[in-house]
Amino acid sequence: MAGLVTAFGSGAMTNSVPEIEEADCILVTGSNTSENHPLIGARILRAQRKGAKLVVVDPRHIHLAQFADIYARSRPGTDVAWVNGLMHIILTEGWEDREFIAARTDGFERLKEKVAEYSPERVEAITGIKQGQLREIARLYAGAERASIVYAMGITQHTTGTDNVLSLANLAMLTGNVGKRGTGVNPLRGQNNVQGACDVGGLPNVFPGYQQVTDPKVREKFEQAWEIKPEFKGLPQEPGLTLVEMMNACAEGTLKSMFILAENPVLSDPDVNHVREALQNLKFLVVQDIFLTETAELADVVLPGSSFAERDGTVTSTDRSVQRMRKAVEPPGGALPDWEIICQVAKRCGGNGFEYDSPEEVFAEMAHLTPIYGGINYSRLENEWLRWPCSSPEDLGTEFLHHDQFAKGRGLFTAVEYREPVELPDEQYPFMLTTGRQIFHYHTGTMTRRSPSLAREVEQGFIELSPYDALQLGVQDGEKVTVASRRGVIEIKVKVTSTVSRGLVFIPFHFAESAANVLTHRALDPVAKIPEFKVCAVSVSRGPQPDVRCD
Amino acid sequence: MNLPQEVLTEETRQIVSRLLRDNQVVGVIGLRTEHNHTGPHLFTSADDLKELTLEPRYPLATICQAILSSLSQGKLGVIVRGCDERALIEMAKLTNIEMERLVLIGLSCSEELARQCRCRRPYPSHIDVGEIVEGVSPLEDTQVRRLLEQNVEERLAFWQQEFARCIKCYGCRNICPVCICTECVLKEECWVERGQIPPELQFHLIRAYHIADKCVGCGACVAACPMEIPMTTFYTLVQEKLRELFDYEPGLDTKQKSPITTTLEETPLREL
Amino acid sequence: MNYKTVLTVCPYCGCGCGMYLPVLDGQLGQPIPDKTHPLSEGRLCIKGWAASEHVVSPDRLTQPLVRTGDDLKQATWDEALDLVASRLMTLRDRHGPDSLAFLCSAKCTNEENYLLQKFARTTVGTNNVDHCARL
Ligand code: SF4
Ligand code: SF4
Ligand code: SF4
């Protein structure tokens, strides 16, 4: 997200989902779209049936790859290199959009110098993508009237995540593929309200609507609106800690208490052994959730919240559409709607301004303080489909961003250098592990594993191993193996599949008993502070190995 | 001839309103537009009748079955098109749903809709709203015709390519009014490997067997398929064979028995 | 007999597919895909179709729980909420507002996330607010 903010001034999907159908070329990378965003995957395939060219670049031969006009298997963590390579070819061939570059962007000269260093030969050596294929991708993407880039966590969850995103933004600007229908740079958000959680201030550096906490004028506005008590001396001025920094601070003992709303970092965060120890180190942990998750088991107080079917409110889908959720049934037993619980806690802590009769009132206050939501209210949502930014009652919302100018004025090219992932395979840990999701489950499995028709499909975790490596290790499909990294060891069932190539293994992270994130590391992208879930080095050995320890 | 949509909707409202007023039914299942979206709704009073709508088509038979099972007394009204009524009849053959407890408000489809659906009988047995329009042969479908001209290998290749898109959402099964076994074999490991997309071809073949003599051609499965796999083209051909060989059509009469047996436990599908 | 259908949004991925939740005599049924939804057009993936299942799971938490030693014991709302408030405020007063941190949720609504960050920033006085799905 930080990458898109630097380049364009906004971190959200530039274009709406239905517009994908208007693209002539769709470049999907780091997104297993048909499994993780199935209905967007379906749109992409529909676009292809309508004539669009589909290009998939991914280390895994994902479901979508079998339909692609071009599928290129890249080595994990080499995204900057192949995108620079594409731009190298585009510039050599003169396929760039000079008018767009001159009229709407800055920093082109430096980019040009940088990508000159990325000849197709060099890129092939780094990424494993054949020169001819790279050329063909460049031709399709640059030659399209409207080209759209779709990506997800396969791009961002690297120590170079911000660089990867900057590269994709460069590519789009270079060819003028942003600011018009059916184009853009489109990050797909994994969970139903990630977009919304960011939009409404669930981030350490911004208030709702991405208004900086360091800006005195912004603080003053919120101080007045929220009627901050004088003894508080105003709202805090410095950005707070990000999630992984919080976990480190727990371990170091500087954080004393955490309040966790319906999340399960014990499974979802990198290096979960560290997370568990960190949370145990807290003096007081509160978890509000609908199930006793692995995280809630560590809590001092667990507050029973409500499921999606038991409360009213809004969520913001990945393409900035604000939608109403409606209550269908009562929460079970003594469980309460989450918004009521938070207000109760706040009031008992002496908080001011937590008297609300309904989520609608909360929304009204929020929209009033959040310019991108300023024109949205519950009654409009009854009749209209609104995507933010929507700043006034007359504003019909925004299908695609950066139409006449970028959110930040002019778009900014950034010359990006390829850097290797922090941890690469070596003799002791010869395999490269990448993690992710699969279609039958969701996130940490808290909800999906308690859903019989989903649990039935996939009951246990598994590791994808290429047929070649399976043969070398002498393991069969369904057999148990031990997987170890410098951080931890797990036992897990093998799934032999050519989805992964030689030397690469994949583990979905939904399963507590074989948690992929025991193995992953905490190294962060320096800007976006996103952990590198997508690359780490592991060893795989046959059968249970009681002696294997991590060092 | 096609009457304007508003006229038909208004007529339907009046019928529903009468049924409710005279206490002939406890409620009527139809479609309602609310919050700018349209979905199934149980009308129990005249209050929300102004929101009654006739389109798009939703499969209402499954909802009828659920409601009837919890309705101890009285009758349930339902607005049915041809395919809805046929679905209810097939359902009645398979479950304990009693047709006598339903009050059907028959709605005839427009010519346009009949063409879109390639529907042989775009009307229920008794029409309360709209006028009968002529049916369309499913064989008029270009895709069906193309397939009929192809040889077996070509057809197999076509289906393999189509079904490769399948993401095993089970939408086709979930939405289908005649796909209602309580223990669905598609979920069983011995028939279809679990946790894999696309699922093996058996997944689709088993479903095709199971509904071969029950499919009422409502098209709900294709409409619910995220990957837009045209599976009814497949079913249509089986249906045509049934007509040809046995003069049998599903969904016409609860007392009519299917000429073939299709459960996997018993005799396999007879050679057609 | 009582039957209603309630229009809402799938709780899983960011696609935001539309669905009607049927409720028959207070019991939640399998979702009906919303055919008039501009994004999902009457379609769902397997998770959407199963969206009601976790709601009715017997594992749902129905009472607040409070730790006593190694165990989590059932408590009343008043007990749990008072404990949370007094412990949070004591720790804040002793170690400063930045000794507390808050995790918002990509599974909760905009309103709920707004309220949690408002609570953290106004009542506790810290910007230690994040969520679990950085992208
Ligand atoms: S198989 Fe498809 S067309 Fe046939 S009855 Fe079922 S849903 Fe309708
Ligand atoms: S609806 Fe389509 S994608 Fe879903 S299981 Fe059926 S054929 Fe597969
Ligand atoms: S139905 Fe599937 S694709 Fe649609 S929002 Fe839910 S999880 Fe995402």
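In this text, all values refer to a predicted model and were calculated from it rather than measured experimentally. Every chain is numbered from 1, with letters handed out A, B, ... down the list of sequences.
There is no contact between Glu34(B) and chain A, counting heavy-atom distances below 4.5 Å. When heavy atoms are compared at a cutoff of 4.5 Å, Arg43(A) does not approach chain B at all.
The local environment of CD in Gln476(A) is sparse, with at most 12 non-hydrogen atoms from other residues, nucleotides or ligands closer than 6.0 Å. The environment of Lys495(A) atom NZ is dense: over 12 non-hydrogen atoms of other residues, nucleotides or ligands sit within 6.0 angstrom. Other residues, nucleotides and ligands contribute more than 12 heavy atoms inside 6.0 Å of the CD atom of Glu154(B).
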Decide yes or no on side-chain contact (heavy atoms from CB on, under 4.5 Å) for Glu35(A) and Ile197(B), but give the supporting numbers first.
CA-CA 9 Å; Glu35(A) 289 210 48; Ile197(B) 70 158; 3.6 Å; yes
Could you give me the CA-CA distance, side-chain angles and deciding distance for Arg326(A) and His35(B), then say whether side-chain contact (heavy atoms from CB on, under 4.5 Å) is met?
CA-CA 11 Å; Arg326(A) 293 183 181 81; His35(B) 316 302; 3.4 Å; yes
Please determine whether side-chain contact (heavy atoms from CB on, under 4.5 Å) holds for the pair Lys168(B) and Glu457(A), giving the CA-CA distance in whole Å, both sets of side-chain angles, and the decisive distance to 0.1 Å.
CA-CA 10 Å; Lys168(B) 210 179 184 189; Glu457(A) 289 291 334; 3.0 Å; yes
Could you give me the CA-CA distance, side-chain angles and deciding distance for Arg194(B) and Val458(A), then say whether side-chain contact (heavy atoms from CB on, under 4.5 Å) is met?
CA-CA 7 Å; Arg194(B) 289 177 180 160; Val458(A) 180; over 6 Å; no
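Separation of atoms CD (Gln196(B)) and OG1 (Thr497(A)) is listed at 9.0 Å; rounding is to 0.5 Å.
Nearest heavy-atom pair across Ala42(A) and Pro226(B) is CB-O, 3.1 Å. For Glu384(A) against Asn36(B), the heavy-atom pair with the smallest separation is N-ND2, 4.3 Å. For the pair His63(A) and Cys166(B), the tightest heavy-atom approach, listed with the atom from each and the gap, is NE2-O, 3.8 Å. For the residue pair Gln161(B) and Phe67(A), the shortest heavy atom distance occurs at O-CE2, 4.5 Å.
Inter-residue side-chain proximity for Ser34(A) and Met227(B) is flagged as met; some heavy-atom pair is nearer than 4.5 Å.
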